[in-house]
Protein chains: 2
Amino acid sequence: MQQSNQSPFDVRNRRLMEAKSRPEPSTSPCAACNVRHLTVCDALEGAELQQLAEIVQNVELEPGQPLFDEGERADFVFNVTAGCVKVYKLLPDGRRQVTGFLFAGDFLGLANQDFYAFSAEAVSPATLCRFQRGKLEAAMERFPQLEKRLLGVASHELAVAQEQMLLLGRKTAKERLASFLIKLSESAERRGQSKNPVRLPMTRADIGDYLGLTTETVSRVMTQLKGQGTIALMPNGQVELSDLEKLEDLAGGY
Amino acid sequence: MQQSNQSPFDVRNRRLMEAKSRPEPSTSPCAACNVRHLTVCDALEGAELQQLAEIVQNVELEPGQPLFDEGERADFVFNVTAGCVKVYKLLPDGRRQVTGFLFAGDFLGLANQDFYAFSAEAVSPATLCRFQRGKLEAAMERFPQLEKRLLGVASHELAVAQEQMLLLGRKTAKERLASFLIKLSESAERRGQSKNPVRLPMTRADIGDYLGLTTETVSRVMTQLKGQGTIALMPNGQVELSDLEKLEDLAGGY
DNA sequence: ATCCGGCATTGACATATGTCAACGGGCCCG
DNA sequence: CGGGCCCGTTGACATATGTCAATGCCGGAT
């Protein structure tokens, strides 16, 4: 798949080819993908991956750069391969609710209707795989296990969303922060990153918009947790979960 | 309803057979289902419906009767055919978040893992179709359009959940109530029921647990809306949306 | 028709969280 | 090296909503 200078997609492909971390002949970029085990793509193998590779494009985003906006035609779906992306909805007056932070391996863009029901924007430098919706649907036709996997992803997202509703509707600020830190830490661990200290790539404002709080409250609760020795704030947005058990208590059962 | 004492399932089947509202020969209960057009089952027809009918069971619930509890083995999935069912999660200390009210046509029980991630309980007298998970999965194998439909349902649920997160995280009590009444009214209309006045089969406590508020706040905001002439409370839990435009304004954009 | 019990409403008061504002520190850019 | 800017923190104060408690009402059961 080595070709001349073109889109970021091509660039990335070449980079992956050159790396040659896998010894297989005719390696496709998807076959070489080092986060595949985290993604829906893991439902496929060998020649199937080759076919997938033919319909994928690469996207790179700088922090703050939008991926798409609510209401746009939902022509693409994505897979985050690196970095962090936030997904959010806005009220007309600007109030924002972040409905999720996505990391490597997370799937993005399921939309029932023809339009995205939310906006997406990079939090940190991020790379994603982009699939034209129609082509992915054709691939699902050929590879039913892909569709099955997607249904699994959707079900899981649904369970996560319900937990978040519980948090937003019924938890105190301290419980929300504690839950957030724990889940973020677990998520990092799943991706093979540091579980403790855990890195928070997003701002306090983002966290507030995710937890239904203000920046100030997030900050205050952080210092409270710091004061009681439950966490410690470190350089670079890292947070040490010094007393995980206490944090789990505070999280109120989830 | 003359019948001998059997399971509710048999009772219902016979009733439907006797009704013979469709002239087709060998009518299956699913073919005769009068809410099928609202459900996932609408993905199938004719002989396929016959096969579906062979794996379905009927469930009838009284108000307050649980369907299943969070943490139970998720052996079944359901389709609500009449009445109202609430789905909720609890915190250890009893705080409750209702994550949804389900009505005729709504699908229930998608669970990624082996256990239900939430509890379900009848709000009003309700009837449901019950499918053994394994059998339904086998049916999806045979009828891919069923799986596709289910993915559609899941995507839609996801969008609804995100809207609810926006409500819980960022809307005021008045906005929450207004949004709730509007959505309930629209949902009733889709099912062919009265859109205005709209019937609220659930208690104020249920509404509060759904909107992240207390019973008292729900009640207060209701009387406020009544006071400004936006709604009128009628007997039997009916609510007249007297000034829909104003209500939509109050709902804050959704 | 009457009684009872759950549900809704209302009031007085408490408080968690929001709002507004100031300040400090790190970091990039000139 | 200095200046500005974004982000985080902290403080004083405001307020929406929760809490606790009393009362009222409707609807089903006797």
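Just so it is clear, the structure is predicted and the values come from calculations on it, not from any experiment.
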First of B:G212 and A:T203 reached from the 5' end of DNA chain D, by closest nucleotide: A:T203
Carboxylate-amine/guanidinium contact B:R95 A:E175, below 4.0 Å: yes
A:R220 CZ - D:dA12 C1' separation (whole Å): 10 Å
Does this structure show an ion pair linking B:K86 with B:D209, if we count only N-O contacts that are shorter than 4.0 Å? no
Can you figure out which of D:dT9, C:dA8, D:dT17 approaches the side chain of B:A173 most closely? D:dT17
Side chains of A:R199 and A:Q193: closer than 4.5 Å at any heavy-atom pair? no
Within the pair A:T214 and C:dG18, is there a side-chain N or O less than 4.0 Å away from OP1 or OP2? yes
Euclidean distance, atom CD of residue A:Q224 to atom C1' of C:dA16 [Å, nearest integer]: 11 Å
Exam field: side chain A:E72 to backbone A:D69, donor-acceptor pair closer than 3.5 Å: yes
Out of C:dT9, D:dT10, D:dT17, which has the shortest distance to the side chain of B:L213? D:dT17
From CZ of B:R204 across to C1' of D:dT17 the rounded distance in Å is 18 Å
Rounded to whole Å, CG of B:L177 lies from P of C:dT9 at a distance of 11 Å
In whole Å, I'd like the distance from the CD atom of A:E216 to the C1' atom of D:dC13. 13 Å
Might you work through the salt bridge (Lys or Arg N to Asp or Glu O under 4.0 Å) test for B:E70 and B:K89, ending with a clear yes or no? CA-CA 7 Å; B:E70 177 171 357; B:K89 287 173 80 78; 3.5 Å; yes
Value in whole Å for how far the P atom of C:dC7 lies from CG of B:D209: 13 Å
Taking any heavy-atom pair under 4.0 Å as a contact, classify A:L211: base, sugar-phosphate, or nothing. nothing
If I take atom CZ in residue A:R95 and atom P in nucleotide C:dT19, what distance separates them, rounded to the nearest angstrom? 9 Å
So A:I207, base contact, sugar-phosphate only, or nothing? Heavy-atom distance under 4.0 Å. nothing
On the nucleotide C:dT10, are OP1 or OP2 found under 4.0 Å from the side-chain N or O atoms that B:T223 carries? yes
Gap between atoms CG and C1', on B:L233 and C:dA8 respectively (whole Å): 10 Å
A:T172 side-chain N/O to C:dA16 phosphate OP1/OP2 under 4.0 Å: no
Which residue lies toward the 5' end of DNA chain C, A:R176 or B:T217, if each is placed at its nearest nucleotide? B:T217
